[in-house]
Amino acid sequence: MKIIQRDALNGFAADLGGTKIAAARIENGKVVERLLAPTDPAAGPEAQIAAIRTLLDQLGHSKGAPLGAAVTGRVDRAGAWHAVNSGTLPAILGFPLEQELVRALGAATCLNDAAAAAFAEGLFGAGATSDSFAYITVSTGVGGGLVIGNRLVSSENGLAGHVGFVSSRHANGPCGSGRMATVESTAGGRGIAAAAAAAGHQGVDARAVFLAASEGQDWADRIVATSARAVATLIGDLTAILGLDTVAMGGSIGLAPGYIERMRSVLSDEPELFRPRLVLAELGHDAPLIGALAAHLGKENP
């Protein structure tokens with residue numbers, strides 16, 4: 001895959017997440033127009049494609065125009081789309097997404113949304129000067145992507161980069177992936193809400209837990225601390241495997257005030273070799289859109 005310069009990115013992109021769909025027109029590497037619509041989590045893949053197409057039509061997309069599509073879930077090397085978390089888009093079961101988008105729209109490349117964000121951050125954002133970079137997003141779940149030597153790490157089955165499904169000594173509950181005691185099961189928003197319920201605070205979501213922690217409530221502070229500790233430990237483990245020099249944090253929890261400082265405190269107890277530079281992601285909501293289009297243009301221009 002050829003590495004495309006940011007100012008050469010011209011085309012369209014879509015980002016389909018568990019709660020919203022975004023579509024954008026990109027010129028010279030910048031999002032110049034963006035449209036949003038809610039995701040129907042129960043809808044089948046055909047309906048999801050129709051929703052993407054509606055937004056792209058409004059942006060002036062014409063058949064054959066360059067298109068990168070980032071989606072939550074697993075996208076294998078053949079372009080088939082699979083749900084990997086039972087709580088997110090459960091109707092997506094190996095649908096030939098890239099094939100159908102090409103048929104309907106003329107040109108497209110599909111990849112996981114966190115992987116797309118990682119690719120953009122690795123090339124043009126927080127990891128632009130890094131040789132061994134990881135992007136981790138902590139929101140409802142925990143996802144990520146790995147960019148080594150300016151190349152996005154991928155695998156035939158599309159699982160590469162799903163770092164939230166790694167086992168964690170800080171966890172003990174079930175994960176939507178089907179595994180037990182993963183980083184996502186304790187660090188993500190669902191895990192935080194489950195921990196709050198177990199502490200006697202039923203119906204409290206992650207946002208409310210963070211608010212309670214900021215107000216000095218010990219039960220909430222312990223839950224937030226465990227989340228940050230689990231992600232920091234994951235970073236140390238990934239660094240041992242991949243020799244990471246930079247990790248960027250994204251997502252509503254990853255970017256929450258004080259969260260990265262908690263992680264840095266945990267990492268300070270690690271030997272120096274296992275403490276990569278830890279920074280906030282720079283590209284925000286643009287990252288998966290820019291990364292998806294960069295992946296498409298890189299593939300189209302090998």
Side-chain angles (χ1 to χ4, degrees), residues 9-27 29-75 79-93 95-120 137-141 143 176 188-190 205-207 250-253 255 281 283-296:
L9 298 179
N10 294 286
F12 296 82
D15 176 19
L16 190 151
T19 59
K20 65 174 176 59
I21 303 170
R25 181 165 55 86
I26 296 172
E27 294 180 0
K30 296 182 179 180
V31 172
V32 295
E33 189 175 4
R34 181 200 318 265
L35 295 174
L36 299 174
T39 301
D40 179 355
E46 293 86 356
Q48 305 291 7
I49 288 178
I52 291 172
R53 187 170 187 174
T54 295
L55 294 178
L56 290 171
D57 286 345
Q58 294 176 50
L59 290 170
H61 177 274
S62 58
K63 190 165 187 177
L67 172 64
V71 296
T72 187
R74 176 169 63 90
V75 180
W81 185 20
H82 313 256
V84 291
N85 191 315
S86 58
T88 306
L89 306 186
I92 307 302
L93 302 169
F95 180 76
L97 178 64
E98 188 162 296
Q99 176 183 317
E100 288 303 308
L101 283 176
V102 169
R103 183 188 62 79
L105 300 172
T109 295
C110 304
L111 67 166
N112 169 263
D113 52 358
F119 195 43
T137 175
V138 187
S139 52
T140 303
R190 288 193 189 94
D205 63 10
R207 184 186 297 273
S252 57
I253 292 173
L255 298 175
L283 301 180
H285 297 305
D286 291 348
L289 297 164
I290 291 171
L293 181 59
H296 174 73

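For reference, positions follow the sequence shown, starting with 1.
Here the closest non-hydrogen pair linking A14 and I52 is CB-CG2, 3.8 Å. Shortest non-hydrogen contact noted between A206 and I253 is CB-CD1, 4.3 Å. Taking all atoms of both residues into account, the shortest heavy-atom contact from A107 to L67 is O-CB, 3.4 Å. When all heavy atoms of L101 and A108 are compared, the pair lying nearest together is CB-CB, 3.8 Å. Residues S139 and G251 come closest through the heavy atom pair CB-CA, 4.4 Å. Taking all atoms of both residues into account, the shortest heavy-atom contact from V31 to A24 is CG1-CB, 3.8 Å.
A distance of 4.5 Å separates OG1 of T72 from CG of D113, quoted to the nearest 0.5 Å. The CZ atom of F95 lies 4.0 Å from the CD1 atom of I49; values are rounded to the nearest 0.5 Å. The structure places CD of E33 at 5.0 Å from CG of L59, a figure rounded to the nearest 0.5 Å. Atom CG of L35 and atom CD1 of I21 lie 11.5 Å apart (nearest 0.5 Å). Here the CG atom belonging to L289 is positioned 10.5 Å from the CG atom belonging to L283, to the nearest 0.5 angstrom.
R103 is linked by a salt bridge (Lys or Arg N to Asp or Glu O under 4.0 Å) to E100, counting only residues two or more places apart in sequence or in another chain. Partners of H61 by ring pair (Phe, Tyr, Trp, His ring centres under 6.0 Å), not counting sequence neighbours, listed by chain and number: F12. Scored by the side-chain contact (heavy atoms from CB on, under 4.5 Å) test, A83 finds I92 as partners (sequence neighbours excluded). Every residue two or more places apart in sequence or in another chain that forms a side-chain contact (heavy atoms from CB on, under 4.5 Å) with V71 is listed here: L16, V75, W81, L97. Take E27 and apply the side-chain contact (heavy atoms from CB on, under 4.5 Å) test, not counting sequence neighbours, and it matches N10, R25, V32.
Counting non-hydrogen atoms of neighbouring residues, nucleotides and ligands closer than 6.0 angstrom, the NE2 atom of H285 reaches no more than 12 such neighbours.
A donor-acceptor distance shorter than 3.5 angstrom exists from the side chain of N112 to the backbone of G73, with no hydrogens or angles considered.
The side-chain hydrogen bond (donor to acceptor under 3.5 Å, both in side chains) pairs that include a residue from residues 34-60 are R34-D286, where partners are two or more places apart or lie in different chains.
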